[in-house]
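Below: one structure, written as structure tokens.
Counting from 1, the numbers follow the sequence of the chain as shown.
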Amino acid sequence: MATTTEHPPPSRLRAWMLEGLSDMGKGQGHTGPHAAPEPPDKGQPWYRVMCLTGVDYFSTLGYQPGIAALAAGLLSPIATIVLVIVTLAGALPVYRRVAQESPHGEGSIAMLERLLSFWQGKLFVLTLLGFAATDFLITITLSAADASTHLVENPHLTGALHDKQMLITLLLVALLGAVFLKGFLEAIGVAVALVGTYLALNVVVVIVGLWHVVTAGHVVTDWSHALTTEHGNVFAMVGVALLVFPKLALGLSGFETGVAVMPHVRGDAGDSEENPAGRIRDTRKLLTTAALIMSGFLIATSFITTLLIPEDEFKSGGDANGRALAYLAHDYLGGAFGTVYDISTIAILWFAGASAMAGLLNLMPRYLPRYGMAPHWARAVRPMVIVFTLVAFLVTWIFDADVDAQGGAYATGVLVLISSAAIAVTIAARKAGERGWTVGFAVISAVFLYTTVVNVIERPDGVKIGACFIAGIILISLLSRLLRAFELRVTGVTLDPMAERFVRDMASRKIRFIANEPDRRDKAEYRDKIEQIRADNDIPDHEDFVFAEVTVTDPSEFEAGLTVRGEVLHNRYRVLTLESSSIPNALAALLLHVRDTTGCTPHIYFEWTEGNPFANFLRFFLFGQGEVAPVTREVLREAEPDRARRPRVHTG
């Protein structure tokens with residue numbers, strides 16, 4: 001729907017801030033009445049996008065071996081093997097299916113959204129978005145805090161930086177935001193360099209560590225004897241490993257961001273938004289390659305760190321606490337290599353928030369503006385980068401840049417999203433009649449639900465933090481919806497041939513519509529309505545009318561296109577039928593469209609709505625109907641500031 005109202009040209013700052021509006025949600029068509037998105041970016045090869053998710057996923061090597069050693073002790077390699085089995089046999093098949101079912105980056109949230117409609121569906125999605133925000137934002141703050149911890153605890157810098165961790169963490173978060181303000185392609189370029197360097201250094205550490213294990217044969221013998229003495233037999237070892245597995249769940253952190261950044265995978269030249277087969281195929285390559293690389297590193301690093309590092313060094317205050325591989329790098333490869341390894345670890349931990357930021361920028365603009373629960377500028381990348389950076393500052397300040405304090409929330413967010421993904425693909429497989437996949441995904445769902453429950457019981461602070469994010473998102477969303485209640489939110493108006501004929505015929509005289517709530521739709525209803533409108537407004541008998549009838553579909557939807565169909569009832573009465581989430585918005589959009597296509601000012605006639613005005617407004621806000629006449633006029637007033645050009649609203 002075109003709008004001819006003149007607006008002053010935007011300032012250079014505003015134009016820069018809104019550059020690439022809807023770019024992160026590309027491929028979804030015209031997303032609002034005020035601006036069409038720019039042509040989408042062609043995307044990047046899958047292995048480059050893998051590095052963007054890899055800065056989150058692979059960076060966990062900085063602390064995962066130490067977590068495994070503290071949780072499982074001598075059983076760390078066996079517990080890590082359990083984690084790898086769950087990764088390759090559970091999380092990987094789930095997210096390969098998510099990539100197929102939801103190829104535009106919405107992930108499992110979009111799959112579950114289809115199961116529910118109306119307000120319960122919106123609230124369910126907002127809840128999942130709250131956990132996603134918990135996961136992604138804590139990824140940003142926890143990774144920056146861990147990077148600053150490595151920096152502060154460096155032997156050469158401890159004296160100068162020991163009380164500067166908060167300031168360093170905030171600076172790292174600000175630098176991450178600055179990269180995304182510069183541009184998304186720059187973020188991918190930085191990620192490729194960091195991941196390539198970090199993995200290469202880890203290969204060196206692993207090879208040297210394995211060489212020392214092989215050449216010092218007594219190390220393996222001592223470990224196996226201690227393991228047998230402590231746990232007795234293989235079955236007891238496996239049982240304990242299964243019990244401690246939930247504490248290692250942070251090793252699953254890269255999958256949700258892997259599908260969240262899926263729209264940036266290039267795919268094939270013949271891909272369409274309806275069938276992006278190449279993008280799906282390459283995203284599956286991304287997920288599989290990342291999982292295999294990480295699985296190999298997890299097993300190898302847990303093995304060498306457990307065998308080569310004394311147990312006391314893993315504990316709080318020990319030299320290997322939170323930096324087991326860095327300990328080996330310094331111990332076996334010297335101070336120079338160890339310093340280079342420290343710098344690489346700090347850099348990738350800092351940039352681990354990049355994949356989380358990319359996930360936030362892809363998820364939030366796809367849902368909140370469409371629900372009317374965020375302003376239109378929330379579709380633009382740069383304003384949202386500023387918002388998320390400020391929230392990350394707040395979270396860092398609240399938790400005093402403490403890594404351990406944020407660990408529970410991080411694990412909870414990761415596990416809730418993986419569990420929801422497993423449930424979503426189970427339902428999808430069942431609907432597709434795939435019995436084998438349904439059973440398999442159901443088993444995987446049970447494993448992840450068990451892991452989530454155990455994690456919540458052991459670290460309930462994660463649920464509390466997630467609940468705060470959920471409450472904040474719901475509160476802000478409802479306030480935004482309330483503030484945008486009178487906004488024209490029809491993205492386009494299409495008339496069928498009969499409706500166009502009615503409009504052309506009326507354009508030769510005064511255009512008069514009667515807003516009618518369809519009831520019996522018999523001849524008496526339309527005859528009585530016309531007589532009442534004539535009497536209330538003192539209109540001569542020779543004046544002609546066309547009825548406009550709106551059927552409310554899903555009132556929780558905010559933006560949608562409007563299709564208008566014309567029909568002649570009882571061989572006499574011309575009726576335009578419309579389907580919309582809001583009666584006043586549909587009528588206002590119809591009037592503006594008729595004005596713009598005919599050049600004439602249309603008139604519309606209403607009855608006053610009986611009942612309390614406040615109750616009627618709540619009916620409009622929640623159910624799309626209620627105080628129709630004044631709300632239609634208010635929507636028109638906001639959409640068309642020029643009173644002389646505004647369609648006329650009459651109420652009797």
Side-chain angles (χ1 to χ4, degrees), residues 1-11 14 32-35 372 375-377 480-493 495 499 502-516 532-540 543-550 558-559 561-562 564 576 578 580-609 613-614 616-617 620-621 624-652:
M1 179 179 64
T3 175
T4 57
T5 304
E6 295 293 331
H7 295 282
S11 65
R14 177 180 172 83
H34 303 299
H376 279 287
W377 55 256
S480 175
R481 179 92 178 214
L482 187 63
L483 291 173
R484 298 181 66 188
F486 302 117
E487 182 179 303
L488 182 65
R489 57 210 203 203
V490 174
T491 57
V493 179
L495 276 64
F502 292 169
V503 172
R504 284 196 307 269
D505 179 59
M506 287 191 297
S508 60
R509 51 193 182 277
K510 185 167 286 190
I511 302 174
R512 299 183 188 272
F513 292 103
I514 293 178
N516 183 54
Q532 179 183 342
I533 293 298
R534 290 189 193 280
D536 289 344
N537 297 276
D538 197 20
I539 298 175
E543 292 288 349
D544 200 8
F545 297 94
V546 170
F547 289 92
E549 298 180 343
V550 182
F558 192 77
E559 291 181 349
L562 184 67
V564 184
L576 298 178
L578 307 83
S580 175
S581 60
S582 167
I583 295 174
N585 262 275
L587 294 175
L590 173 65
L591 294 172
L592 290 171
H593 179 80
V594 170
R595 180 204 66 181
D596 293 340
T597 54
T598 65
C600 303
T601 301
H603 296 246
I604 189 166
Y605 297 85
F606 295 90
E607 292 181 56
W608 279 114
T609 305
F614 180 73
N616 283 328
F617 172 75
F620 159 70
F621 181 73
Q625 51 190 322
E627 198 70 82
V628 177
V631 174
T632 302
R633 196 265 179 189
E634 183 62 20
V635 172
L636 288 169
R637 188 185 69 81
E638 290 203 5
E640 178 51 78
D642 186 352
R643 187 170 182 174
R645 302 191 67 252
R646 197 180 300 152
R648 305 292 191 262
V649 175
H650 306 268
T651 306

Output all residues satisfying ring-ring contact (aromatic ring centres under 6.0 Å, His included) with His650, sequence neighbours left out; order by chain, then residue number.
His603, Tyr605
With sequence neighbours left out, write down each residue that passes salt bridge (charged side-chain N to carboxylate O under 4.0 Å, His left out) with Arg509, or none if nothing qualifies.
Asp505, Asp544
Donor-acceptor pair, Thr632 side chain versus Ala588 backbone, under 3.5 Å?
no
Under 3.5 Å donor-acceptor, Arg648 side chain and Arg646 backbone
yes
Distance in Å, [X] [atom1] paired with [Y] [atom2], rounded so as to fall on 0.5 Å steps:
X      : Y      : atom1 : atom2 : answer
Asn516 : Phe545 : CG    : CZ    : 12.5 Å
Ile511 : Leu591 : CD1   : CG    : 9.5 Å
Asp536 : Thr651 : CG    : OG1   : 10.0 Å
Gln532 : Asn537 : CD    : CG    : 9.5 Å

Ionic contact status for Glu640 with Arg645, cut-off 4.0 Å:
yes
Would you please test Leu495 and His593 for side chain to side chain contact (heavy atoms under 4.5 Å, CB included) and show each step?
CA-CA 10 Å; Leu495 276 64; His593 179 80; 3.5 Å; yes
Please name the pair of heavy atoms, one in [X] and one in [Y], separated by the smallest distance, quoted to 0.1 Å.
X      : Y      : value
Leu590 : Phe513 : CD2-CE2, 4.4 Å
Pro647 : Thr601 : CA-CG2, 4.0 Å
Ala639 : Leu592 : CB-CD1, 3.9 Å
Leu576 : Ala499 : CD2-CB, 3.6 Å
Ser580 : Ala586 : CB-CB, 3.6 Å
Ile539 : Arg512 : CD1-NH1, 4.1 Å

pair Ile514-Val546: side-chain heavy atoms closer than 4.5 Å
no
Hey, does Val594 have a side-chain heavy atom less than 4.5 Å from the side chain of Met506?
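Heavy-atom side-chain distance check fails, nothing below 4.5 Å.
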